[in-house]
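In this chain, residues are counted from 1 in sequence order.
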Amino acid sequence: MATAVINGVFVGAIYALFTFGIVLVHRGSRVLNLAHGETGLIGAFVFVSLWGAGLPLVVAMVVAVALSAAVAGLTYALVIRHLEPAGPSRMVATIGVAALLLTVASRSYGTRPQGVEPLVTGNAFTAAGITVSMTQLLVLGTVLALMAAWFLVDRYTDLGLRLRAIALEPVGATELGLPVDRIAFGVWALAGALAALGGVLISSLVVFHVFFMTSITMRALVAALVGGLSRPAAGMLVAIGLGVLESTVQYEISAPGATEAALAVVLVALVLLRPGRVALADL
């Protein structure tokens, strides 16, 4: 059981990384980006292709992250900013972007699963019968570093203050002269980079194909809604909890579909029972 819980923490850390990107975009532009996972998917496939072709790991990762950042930034600049802020039109547009990116990935890389080598090899340590791999430590370390960095940015910089102002009152922020469009563009690009980073980190731990981001994004989306679209840290903690729950259910129940059923029940209950649920108009 202890091993299942530890593994769940590492899985939840990946969910938390995606949750952070979803919440960040919402804070910076008041849009629930349903193409977040597919944006990272493009970067992840480019990384696997470049790394497999012999490029150094760091170079392949930088190119992949930069590409997804560009895709996300252009999504905002070319599509989102031209749509009416009120209502669901922006959120619906991201569904179209997601479909387009999936089509591009499918045509470029096919739909068959691919094998991906671990980013780093070897076991970091073994204690009490629990073995932690270097890849797991890399994932957890990255997420913890991002959480710490976000806390510092949010609390002690002008950017954090501006993002809080946009999240609380976007119209008022515009009237006060804040460069809302530039901030939103930067936030979308940063979220795209984080999506690619998450995809790269988990590429060797999942069945890697063009749809592998779908279930991750759905869990991250629920964590974001439950934790609150204005509170990245809360959403990330919920995401880690979902990872632990998923791993524990898999350990206790081996019946096919049991994990998905248990997660579905818990996720629906969390969304329904959460006080002050997010209204559609806020999405």
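In this structure, Thr142 contributes its side chain and Leu138 its backbone to a donor-acceptor pair below 3.5 Å. Under a 3.5 Å cut-off, the side chain of His82 and the backbone N or O of Ala77 do form a donor-acceptor pair.
The aromatic rings of His36 and Phe18 stand perpendicular to each other, their planes meeting at an angle above 60°, with 30° marking the opposite boundary. In this structure, Phe151 and Tyr156 have perpendicular ring planes: the angle between them is above 60°, well past the 30° mark.
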Query raised in the report: Leu67 and Ile42: side chain to side chain contact (heavy atoms under 4.5 Å, CB included), yes or no, with the steps?
Result: CA-CA 8 Å; Leu67 177 61; Ile42 297 297; 3.8 Å; yes
Query raised in the report: Could you walk me through whether Val210 and Phe45 pass the side chain to side chain contact (heavy atoms under 4.5 Å, CB included) check?
Result: CA-CA 8 Å; Val210 293; Phe45 265 95; 3.8 Å; yes
Query raised in the report: Between Arg81 and Phe185, is a side chain to side chain contact (heavy atoms under 4.5 Å, CB included) present by the stated rule, with each step listed?
Result: CA-CA 9 Å; Arg81 71 183 296 266; Phe185 177 86; over 6 Å; no
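One finds the CG atom of Leu17 at 11.5 Å from the CG atom of Leu140 (value rounded to the nearest 0.5 Å). Going from atom CG of Asn33 over to atom NE2 of His26 covers 11.0 Å, rounded to the nearest 0.5 Å. Note that CZ of Phe47 is 10.5 Å distant from CG of Leu55, once rounded to the nearest 0.5 Å. Distance CD1/Ile80 to OG1/Thr94: 6.0 Å, rounded to 0.5 Å. Here the OH-CD1 distance, from Tyr15 to Ile240, works out to 12.5 Å after rounding to the nearest 0.5 Å.
Side-chain atoms of Tyr109 and Gln114 form no donor-acceptor pair, as typed in the model, at a separation below 3.5 Å.
Considering only heavy atoms from C-beta on, Val200 stays 4.5 Å or farther from Val65 through its side chain.
Within a 6.0 Å radius of CE in Met147, more than 12 heavy atoms belonging to other residues, nucleotides or ligands are found.
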